[in-house]
Amino acid sequence: MTAGRSSCRELGRKCCYLIDSGTYGSEEIIKDYLHSIGRSVSDIRAIFLTHAHPDHIGTAAYFQYKAKCRIYASVGERRWIEDVDLQFRERPIPNFYQLAGKSSVVDCVAADGDRIELEEDFTVQVLGTPGHSADEVSYIIDGSAFIGDSVPVTGDIPIYVNKDDTLESLRRLEELSAVHTFYPALDKAYTREEMQVKISEARNLIGMLQTATATVRKEIPGGNLEQIVQQVCEKVNMPQLMQNPLFKMTIKSHLGSCQE
């Protein structure tokens, strides 16, 4: 992700709200985009972060300082946003600081069910969509839903820390009957009908991983996580994910279901 989504409205004066803030180093890309639509950094009123992963928070500190804007995020993601060193210790990934940048301050907590009145006739609704991360949220503005990484994508690395939460989030997104456009973080905009297909594909992917994990668990009941991940990768023909620490967390979430 190189630049955050943006929602801009003419409401008597210039204003701009960013949804996610891209990777550290993408400040110029975002500024160039703002200029292309007749906006500037000083027009940014708030940044809405879907979750705390480094590719979503990278420029938040920069724009918070430059624009003196508020940052909204969920309570469960706050500690990683406000302390990127803590996030690195708990979720180390390659090139972490090149992506995450600096810590920023969460001014306002966004919780499931909140309706945030920003301007007259301009409301952001908050929908809890955890699973990919512990307390990810999506933001609904009019008929558009900005959903971060809530929907695992076939062909990409399936990354989630809680399988059951992910499935519940998929159900909640599927039932957003008033939403006509969905904006995932790393993909194009989808119509409601297209997103239904993506959600169905995500369920099938999760089901495939659950079946593979349960089978491996029976075949090597005393196996450790490394061994189980290796066997799962072989069964689902994803050898490239064998050493990926984030995919290991995905399989770990499936192991919890196998033990129930």
Side-chain angles (χ1 to χ4, degrees), residues 1 19-20 48-57 72-81 86-87 90-93 106 109-114 124-140 145-177 179 182-187 190 195-214 216-217 225 228-229 232 236 238 241 244-260:
M1 183 177 187
I19 299 179
D20 286 334
F48 289 82
L49 299 177
T50 59
H51 60 293
H53 291 167
D55 54 330
H56 293 257
I57 67 171
Y72 290 78
S74 68
V75 67
E77 303 289 318
R78 183 175 191 169
R79 67 191 190 98
W80 276 6
I81 294 168
L86 173 65
Q87 180 175 176
E90 296 182 346
R91 189 180 183 263
I93 62 170
V106 175
V109 171
D112 180 47
D114 283 354
V124 175
Q125 300 178 54
V126 183
L127 179 73
T129 50
H132 172 72
S133 64
D135 197 21
E136 181 167 4
V137 294
S138 295
Y139 298 107
I140 302 169
F146 298 83
I147 63 174
D149 294 328
S150 301
V151 179
V153 178
T154 301
D156 200 355
I157 305 171
I159 298 172
Y160 43 88
V161 296
N162 190 300
K163 171 186 70 71
D164 293 334
D165 282 351
T166 301
L167 289 170
E168 174 61 14
S169 293
L170 293 177
R171 183 193 67 77
R172 300 192 78 186
L173 292 171
E174 189 174 44
E175 293 180 354
L176 292 176
S177 58
V179 170
F182 292 80
Y183 293 91
L186 299 173
D187 205 349
Y190 287 92
M195 183 51 60
Q196 297 288 332
V197 174
K198 289 295 179 182
I199 289 173
S200 178
E201 291 175 350
R203 285 200 184 99
N204 290 338
L205 175 62
I206 293 169
M208 177 184 68
L209 291 175
Q210 182 62 31
T211 298
T213 303
V216 170
R217 186 69 169 177
L225 181 60
I228 291 171
V229 169
V232 169
V236 301
M238 294 181 179
L241 301 182
N244 190 298
L246 301 181
F247 184 65
K248 290 178 183 178
M249 296 302 295
T250 299
I251 299 305
K252 187 176 180 180
S253 77
H254 282 276
L255 284 172
S257 296
C258 294
Q259 293 169 353
E260 293 176 354

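Index from 1, following the sequence. The model shown is predicted, which means the values in this text are computed figures rather than measured ones.
Here the side chain of T211 pairs a donor or acceptor atom with the backbone of G207 at under 3.5 angstrom. In this structure, the side chain of S74 does not engage the main chain of E136 through any donor-acceptor pair within 3.5 Å. Using modelled atom types, one side-chain atom of R172 and one backbone atom of G128 make a donor-acceptor pair closer than 3.5 Å. The main-chain N or O of I159 is found under 3.5 Å from a side-chain atom of H132 such that the two form a donor-acceptor pair. Side-chain atoms of D20 do not come within 3.5 Å of backbone N or O of G148 as any donor-acceptor pair. Put simply, the side chain of Y139 gets close to the backbone of L49: a donor and an acceptor are under 3.5 Å apart.
Annotation: side chain of F247 is in contact with side chain of L209 (closest heavy-atom distance under 4.5 Å). Inter-residue side-chain proximity for Q87 and I57 is flagged as met; some heavy-atom pair is nearer than 4.5 Å. Considering only heavy atoms from C-beta on, H53 comes within 4.5 Å of W80 through its side chain. The closest side-chain heavy-atom distance from M195 to V151 is below 4.5 Å.
Going from atom OG1 of T250 over to atom CD1 of I157 covers 9.0 Å, rounded to the nearest 0.5 Å. Remark: T50 OG1 to I147 CD1 distance equals 10.0 Å, nearest 0.5 Å. A distance of 9.0 Å separates CG of N162 from CG of L167, quoted to the nearest 0.5 Å. Note: S138 OG to H51 NE2 = 10.0 Å, rounded to the nearest 0.5 Å. The CG atom of D165 lies 11.0 Å from the CG atom of L170; values are rounded to the nearest 0.5 Å. Distance check, rounded to the nearest 0.5 Å: OG1 of T129 to CG of D135 gives 9.0 Å.
For F182 and Y190, the gap between ring centers reaches or exceeds 6.0 Å.
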| field | Worked verdict on I228 versus K252 for side-chain contact (heavy atoms from CB on, under 4.5 Å) | value | CA-CA 9 Å; I228 291 171; K252 187 176 180 180; over 6 Å; no
| field | Chi angles and distances behind the side-chain contact (heavy atoms from CB on, under 4.5 Å) call for H56, E77 | value | CA-CA 12 Å; H56 293 257; E77 303 289 318; over 6 Å; no
| Working for side-chain contact (heavy atoms from CB on, under 4.5 Å), residues V137 and D114 | CA-CA 11 Å; V137 294; D114 283 354; over 6 Å; no
| task | May I have the step-by-step check of side-chain contact (heavy atoms from CB on, under 4.5 Å) for V124 and F146, ending in yes or no? | result | CA-CA 10 Å; V124 175; F146 298 83; over 6 Å; no
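Checked by atom type, the side-chain pair S150/S169 shows no donor-acceptor distance below 3.5 Å.
Here the rule is side-chain contact (heavy atoms from CB on, under 4.5 Å) with P158, and of T166, V153, L205 only L205 fits it.
Classified by interplanar angle (parallel below 30°, tilted 30° to 60°, perpendicular above 60°), the ring pair Y72/F48 is parallel.
One finds no salt bridge joining R171 and E174 here, because no Lys/Arg side-chain nitrogen approaches an Asp/Glu carboxylate oxygen to under 4.0 Å.
Heavy atoms only, all atoms of each residue included: P152 and I206 are closest at CG-CD1, 4.3 Å. The two residues I93 and P54 come nearest to each other via the heavy atoms CD1-CG, 3.7 Å. Residues A185 and D149 share a closest heavy-atom pair of CB-OD1, 3.4 Å. Here the shortest heavy-atom pairing between A134 and P130 reads O-CB, 3.3 Å.
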